[in-house]
Amino acid sequence: TFDNVIGLAGGQLVPGVVPDQLANASLRWESSYQTNLGLDLGLFDDKINMEVNYYNIDTKDLLMPNYNTPVYLGYLTRFALKNVGEINNKGLEIALSSTNIYTNNLQWTTNLNWSTNRTEIIKMNEGIDVYLDASPGYFSRERTHILREGEVPGAFWGYVYEGVYVGGQLPEGTAMLAGGTIGDPMFAEVADEEGNYDGVIDTQDQQIIGDPTPDFTYGINNTVTYKNFDLNVFIQGKQGGDVFNLTRVQLMNGDANAITDVLDAWSLENPESNIPRVGNNSLRELSTRFVEDGSYIRLKNVSIGYRI
């Protein structure tokens, strides 16, 4: 397809057309193969009801944009779709509802749900890793997430933080970014095939540092009715699942606004701190220092009503 554009020729605005997107003659539709198993159970005259569902989904020929189209080709859309691999998605969902009290004036019901899901990349074309970037442009980074065979989609990618360098011999298996000095962050090195370290932190030392997938999610909803009054309480949460706090990366960088944690940064007067010195050489490094536990429990809603 083509799109209309306005160009400049001889100092005059002129209409034109450009091709929208580079074609991919070998592109195929995604295909999914799914298995579902379910169980419905009612007990005590349906005062307790339970639903259990298990699913397993294999998806092949995954579609993904390829951003390697050169600008000089003149296409309006910079990416072309391609088939990149295969993933497996499986999980278990449980829903439980109960009528705890049921009288003329008082009723109390509870609804509980619990689910877990796991997604794994089964195959990437030619086994090649695909890197993604979710950071703001001014971070000047190209890799925050990775797609790799045998791992979850969107695993976090970066350095393993090993603390602040306080002088002397670096601990074995650690090094600093170029120009590192006392007060700067140390990171874990990745050994070569022979188990040796090169003493330099570079992109070869980046590795998977987090998994955004929660272990499970849950919710519980209670409704109590007494005559014309009703009370509803809903609690929701999740266990596990990492969060890559890119906002904290910027606010700990030292070149703009900062959070109060910076006040506890390493200095000669504060040598025990695990926060690198202000103005360190990390330049918004993406590391385990900014990977946080995403577990939470939240009182989502409380409502009280009266029926007239």
Side-chain angles (χ1 to χ4, degrees), residues 21 30 59 62-71 75-89 91 117-125 127-162 177 185 187-188 190 201-215 217 237-259 261-262 275-276 280-296 298:
Q21 191 178 58
E30 287 186 357
T59 303
L62 283 170
L63 293 172
M64 182 176 173
N66 177 11
Y67 287 91
N68 293 328
T69 305
V71 175
Y75 288 93
L76 187 65
T77 303
R78 285 288 311 281
F79 66 82
L81 290 175
K82 64 177 181 178
N83 300 103
V84 297
E86 175 183 345
I87 64 170
N88 174 262
N89 186 290
N117 175 82
R118 195 65 182 175
T119 303
E120 179 183 351
I121 299 174
I122 303 301
K123 179 183 178 182
M124 295 293 293
N125 286 353
I128 298 175
D129 295 338
V130 174
Y131 298 96
L132 308 173
D133 180 25
S135 65
Y138 61 86
F139 272 32
S140 298
R141 294 289 182 266
E142 297 179 352
R143 300 175 176 182
T144 59
H145 300 71
I146 186 173
L147 302 179
R148 171 178 286 176
E149 289 183 2
E151 303 291 346
V152 299
F156 303 152
W157 187 253
Y159 300 112
V160 174
Y161 179 64
E162 294 288 358
L177 294 166
F187 305 101
V190 175
I201 292 295
D202 52 28
T203 57
Q204 301 301 313
D205 297 300
Q206 293 176 328
Q207 53 189 296
I208 291 176
I209 59 174
D211 177 358
T213 309
D215 298 326
T217 60
K238 74 167 185 173
Q239 180 62 39
D242 296 322
V243 175
F244 211 160
N245 195 338
L246 296 179
T247 300
R248 188 176 176 86
V249 173
Q250 171 60 26
L251 295 179
M252 294 287 286
N253 186 56
D255 66 345
N257 292 334
I259 55 179
D261 289 6
V262 175
I275 300 174
N280 65 76
N281 72 329
S282 65
L283 300 176
R284 301 187 184 92
E285 105 271 358
L286 303 177
S287 73
T288 53
R289 187 157 69 107
F290 304 105
V291 175
E292 303 169 359
D293 182 6
S295 302
Y296 70 86
R298 174 186 300 148

Practice task
For residues V262 and I275, determine if any side-chain heavy atom of one lies less than 4.5 Å from a side-chain heavy atom of the other.
Solution key: no
Exercise for the section: Report the distance from atom NZ of K82 to atom CG of L63, rounding to the nearest 0.5 Å. Expected result: 11.5 Å
Practice task
Find out whether R148 and W157 are in side-chain contact, i.e. whether some heavy atom of one side chain is under 4.5 Å from a heavy atom of the other.
Solution key: yes
Exercise for the section: To the nearest 0.5 Å, tell me how far Y159 OH sits from D202 CG. Expected result: 6.5 Å
Problem - Contact check, side chains of V130 and V84, non-hydrogen atoms, under 4.5 Å - result: no
Problem - Partners passing ring-ring contact (aromatic ring centres under 6.0 Å, His included) against F156 (at least two apart in sequence or in another chain) - result: H145, F244
Exercise for the section: Return yes if some donor-acceptor pair links the side-chain N/O of D205 with the main-chain N/O of V190 below 3.5 Å, else return no. Expected result: yes
Practice task
For S287 and I209, work out which heavy atoms get closest and say how close.
Solution key: C-CD1, 3.7 Å
Handout entry: Rounded distance [0.5 Å steps], CZ in R284 versus OG in S135
Key = 10.0 Å
Exercise for the section: Check whether any side-chain N or O of S295 sits under 3.5 Å from a backbone N or O of G240 as a donor-acceptor pair, and report yes or no. Expected result: yes
Completion exercise
When rounded to the nearest 0.5 Å, the distance separating OG1 of T288 from CD of E162 is 7.5 Å
Practice task
Identify the heavy atoms of G210 and D242 that sit nearest to each other, and give their distance.
Solution key: CA-OD2, 3.4 Å
Handout entry: Non-neighbouring partners of N117 that pass side-chain contact (heavy atoms from CB on, under 4.5 Å), sequence neighbours left out
Key = Y55, N89, T119
Exercise for the section: Please report the shortest heavy-atom distance between L147 and G154, naming the atom on each side. Expected result: CD2-N, 3.5 Å
Handout entry: Check: E292 side chain, V243 main-chain N or O, donor-acceptor pair, under 3.5 Å
Key = no
Fill in the blank from the handout: When rounded to the nearest 0.5 Å, the distance separating CE of M64 from CG of L132 is 4.5 Å
Completion exercise
d(I201 CD1, L177 CG) to nearest 0.5 Å is 6.5 Å
Practice task
Report yes if some heavy atom in the side chain of Q250 is under 4.5 Å from a heavy atom in the side chain of P136; otherwise report no.
Solution key: no
Handout entry: Shortest non-hydrogen contact between K238 and P214, atoms and distance
Key = CD-CB, 3.9 Å
Problem - I146/Q206 under side chain to side chain contact (heavy atoms under 4.5 Å, CB included): CA gap, chis, key distance, verdict - result: CA-CA 11 Å; I146 186 173; Q206 293 176 328; over 6 Å; no
Exercise for the section: Grab the two heavy atoms, one from P212 and one from V152, that are nearest each other, plus how far apart they are. Expected result: CD-CG2, 4.3 Å
Practice task
Taking all non-hydrogen atoms of both residues into account, name the closest pair between N125 and G85 and its distance.
Solution key: OD1-N, 3.9 Å
Practice task
Answer yes or no on whether R143 is positioned over the face of Y131, meaning its NZ or CZ is under 6.0 Å from the six-membered ring centre and within 45° of the axis.
Solution key: yes
Practice task
Would you check if V160 and F187 make a side-chain contact, meaning some heavy-atom pair closer than 4.5 Å?
Solution key: no
